[in-house]
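Here the structure is laid out as structure tokens; the discussion comes afterwards.
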Amino acid sequence: MAKVLMKGNEAIGAAAIKAGCKYFFGYPITPQNELPEYMSREMPKAGGVFLQAESEVAAINMVYGAAGAGARVMTSSSSPGIALKQEGITYIAGAELPCVIVNIVRGGPGLGGIQPAQSDYNQVTRGGGNGDYKLLVYAPANLQEMVDLMQEAFDAADFYRNPVMMVGDGMIGQMMEPIEFKDSVSRFELPEKDWATTGTKGQRKPNIINSLALDPAELEKHNHKLQKKYDAMKENEVRYETYNMENAEVVIVAYGTTSRIVRNAINDLKAQNINVGLIRPITLWPFPEKAFDEVPAACKSLLSVEMSMGQMVDDIKIASNGRWPVSFYGRAGGMIPTPEAVMEKVKELIGGAK
Amino acid sequence: MTLDLKKDKRIRIIIGHYGSGKTEFAVNYALALKKEMPKVALCDLDIVNPYFRSREKASLLETDGITVISGAFGHQTNLDLPMLSPSILAPLQDDESQVILDVGGDAVGARVLARYTAYFKPGEYDMFCVINAYREQTQDLMGVISHIKNIEDTVGVKVTGLINNTHLLRETSAEDVMKGQALAVEVSKKLNIPIRYVSTLEKVTHQLPSDIEGDVFAIKMIMREDWM
């Protein structure tokens with residue numbers, strides 16, 4: 001298919017519909033408004049339902065209901081809106097239901113601002129809701145990758161019966177890029193949704209969708225079952241990209257828009273004879289721990305570059321397990337790091353320019 | 001290539017589908033116009049979307065001597081509010097001022113113009129519709145016409161010129177521009193609106209046929225950071 005120029009938020013909508021999403025429930029918030037706007041226009045054409053709920057809490061609970069009935073369903077919001085959805089998200093995870101949640105991140109905390117940020121790293125990788133649950137979290141760096149991952153996100157949600165989150169900073173939602181919609185074959189073998197509440201027709205026992213379990217022994221058993229699922233995700237769903245790792249003096253870890261800025265800095269540094277590598281997590285959870293085995297032993301430092309205040313540093317420390325020092329450079333509140341500032345930081349780490 | 005932007009009317013309104021490249025064109029146009037005329041004002045009327053607006057490049061434009069008018073509380077205020085500065089009236093009322101109105105996308109973005117229609121007298125304004133044939137909703141004749149009609153109905157004045165700004169960002173080729181040109185010619189014939197400019201990256205301008213309809217306008221990507 002030919003390329004079209006699309007805005008990130010529209011592209012998410014188009015890719016979701018293409019991936020078979022039939023229900024969208026949401027509530028407006030900048031910088032993701034073009035997504036519900038697109039869905040309101042295009043979902044009816046695809047034979048689906050768009051509904052603007054009265055709040056984020058209502059929207060996520062509509063997702064809970066539709067997912068329980070076995071539908072492919074999605075919601076979207078931005079940081080403080082996602083915070084409001086957390087109760088519903090943990091219920092959906094507890095009830096083992098598939099859905100896709102899009103989070104176009106803006107600066108925080110609180111209402112924060114409306115410019116791009118990555119300060120939801122903890123919110124998306126550490127739950128936010130209560131209990132021992134995990135989300136599979138994708139963080140694409142460009143619109144083509146995001147579109148390509150959308151099918152995967154819905155399929156993985158169905159396969160694991162777990163909510164999947166697609167994270168983009170405000171820039172990913174707002175920027176325009178040429179996109180090609182490719183036909184993809186699912187790598188998952190998806191079983192029938194025989195657990196869905198589609199009506200017994202008097203032929204079987206009712207299916208029950210629930211996240212309440214008053215018997216502690218039962219609830220513990222349920223937790224072990226969930227944990228097994230998360231272990232399988234850690235085993236099979238990790239995605240990352242590495243770049244220029246050979247003989248790297250410093251290896252930068254960065255995802256999403258920030259990784260593009262870093263890549264520019266790496267190329268400019270190369271021209272100055274400074275070799276810097278990049279680990280780009282595509283899944284934020286599970287975090288790509290294996291990628292750190294590619295870091296050269298002589299590397300002077302790992303460097304987390306974020307549009308947040310060092311939220312990813314802990315994961316880098318866990319994954320690198322004390323093998324290299326870990327440094328941080330970031331901007332916050334909607335400010336975007338420049339390639340020049342990243343280069344400065346690298347030079348500081350290696351003890352000056354060459 | 002010599003442009004003669006003085007040919008355009010004193011008040012230039014730039015409208016189009018969002019993503020068509022309106023703002024990129026408006027900013028480049030303002031910089032080129034300043035080379036020809038002493039008093040140029042760029043009014044950023046985009047109150048629909050708080051990203052990629054011309055006010056982000058206010059300091060660059062102001063360094064060049066261009067007056068930039070945006071929200072009532074200055075360029076940096078990212079309030080998600082439909083807020084306009086009263087100063088927009090100043091250049092509109094000053095016959096010495098050359099005015100560029102950079103409008104938000106689609107009919108929704110253009111609604112704000114209705115408040116200023118008293119200044120858009122026939123023959124005293126130009127309203128340029130920026131077309132990108134790679135944008136989802138303006139890929140064919142009907143798509144572009146419906147965009148133009150919706151915007152005209154919302155604003156209450158007519159489009160006076162088309163700008164073929166068909167692009168795929170840095171990937172744009174002469175072939176892409178010509179694909180958009182074919183569409184622009186179709187629209188031009190159907191609606192009897194001239195193609196005023198063909199705007200594209202400097203390197204692509206050299207590959208366009210010399211008899212192309214409309215003045216070729218070389219633009220630089222000012223709104224899009226180098227790393228993007």
Side-chain angles (χ1 to χ4, degrees), chain A residues 2-11 13-14 28-34 37-38 41-42 78 104 106-107 111-116 141-143 169-181 257-268 333-340 342, chain B residues 16-24 46-53 55-56 71 75-83 104-109 130-140 143 146 150 165-173 175-177 179-180 221 223-228:
Chain A
K3 283 190 175 178
V4 279
L5 193 70
M6 285 185 97
K7 191 174 202 164
N9 287 328
E10 302 170 337
I29 181 170
T30 307
Q32 61 84 57
N33 285 326
E34 297 82 1
E37 189 185 357
Y38 182 90
R41 195 179 70 225
E42 299 297 329
S78 176
I104 301 299
R106 62 189 239 179
L111 266 180
I114 56 174
Q115 294 297 321
N142 59 62
L143 303 193
D169 56 81
M171 210 46 120
I172 292 279
Q174 293 292 329
M175 68 164 68
M176 293 266 175
E177 267 175 355
I179 294 167
E180 198 180 348
F181 289 92
T257 295
T258 312
S259 71
R260 297 167 65 159
I261 298 165
V262 164
R263 201 181 289 255
N264 263 44
I266 289 174
N267 292 339
D268 288 350
M335 299 302 287
I336 300 170
T338 61
E340 292 73 28
V342 174
Chain B
H17 190 12
Y18 57 28
S20 57
K22 290 179 307 299
T23 296
E24 199 69 87
D46 190 347
I47 53 170
V48 179
N49 192 310
Y51 279 66
F52 300 112
R53 294 186 290 191
R55 69 190 67 178
E56 286 176 22
H75 306 314
Q76 299 309 324
T77 318
N78 278 307
L79 284 174
D80 205 356
L81 293 174
M83 178 177 64
D106 300 356
V108 178
V130 179
I131 301 169
N132 180 359
Y134 280 112
R135 280 292 288 151
E136 213 203 356
Q137 288 180 40
T138 53
Q139 297 189 69
D140 56 25
S146 120
N150 283 339
N165 187 53
T166 296
H167 70 95
L168 285 172
L169 298 164
R170 292 192 182 84
E171 294 175 28
T172 311
S173 68
E175 206 184 357
D176 297 325
V177 176
K179 172 191 152 109
M221 287 178 75
M223 297 305 298
R224 205 169 169 96
E225 303 295 332
D226 288 339
W227 55 263
M228 278 178 81

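In what follows, every chain begins at residue 1, and chains take the letters A, B, ... in the order their sequences are listed.
Not counting sequence neighbours, the partners of A:Pro28 by the side chain to side chain contact (heavy atoms under 4.5 Å, CB included) test are A:Asn33, A:Gln52. In terms of the side chain to side chain donor-acceptor pair (under 3.5 Å) criterion, residue partners of A:Lys7 (sequence neighbours excluded) are, by chain and number, A:Glu34, A:Gln174.
Between A:Lys3 atom NZ and B:Leu169 atom CG the span is 10.5 Å, to the nearest 0.5 Å. Distance check: A:Asn9 CG to B:Asn49 CG gives 9.0 Å after rounding to the nearest 0.5 Å.
Counting only heavy atoms from C-beta outward, the side chains of A:Leu5 and B:His167 approach each other to under 4.5 Å. Using a 4.5 Å cut-off on side-chain heavy atoms (C-beta onward), A:Arg41 and B:Gln137 make contact. For the pair B:Trp227 and A:Ile261, the minimum side-chain heavy-atom distance is below 4.5 Å.
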Practice item. Take B:Met228 and A:Glu177 through the test side-chain contact (heavy atoms from CB on, under 4.5 Å) and record every step on the way to the result. Key: CA-CA 9 Å; B:Met228 278 178 81; A:Glu177 267 175 355; 5.9 Å; no
Review point. Given A:Met171 and B:Phe52, is the side-chain contact (heavy atoms from CB on, under 4.5 Å) satisfied, shown in steps?
Key: CA-CA 10 Å; A:Met171 210 46 120; B:Phe52 300 112; 3.6 Å; yes
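The two atoms that bring A:Met176 and B:Gly19 nearest to each other are CE-CA, 3.0 Å, heavy atoms only. The shortest heavy-atom contact between B:Pro50 and A:Gln115 is O-NE2, 3.3 Å.
Between the B:Tyr51 side chain and the A:Gly173 main chain, no donor and acceptor come within less than 3.5 Å of each other. Here the side chain of B:Glu136 pairs no donor or acceptor atom with the backbone of A:Glu10 at under 3.5 angstrom.
Chosen from A:Gly334, A:Pro31, A:Gly113, the residue pairing most often with chain B at heavy-atom distances under 4.5 Å is A:Pro31. The most heavy-atom pairs under 4.5 Å with chain A, out of B:Gln139, B:Arg170, B:Arg224, come from B:Arg224.
Of the two parts of A:Thr257, the backbone and the side chain both hold a non-hydrogen atom closer than 4.5 Å to a non-hydrogen atom of chain B.
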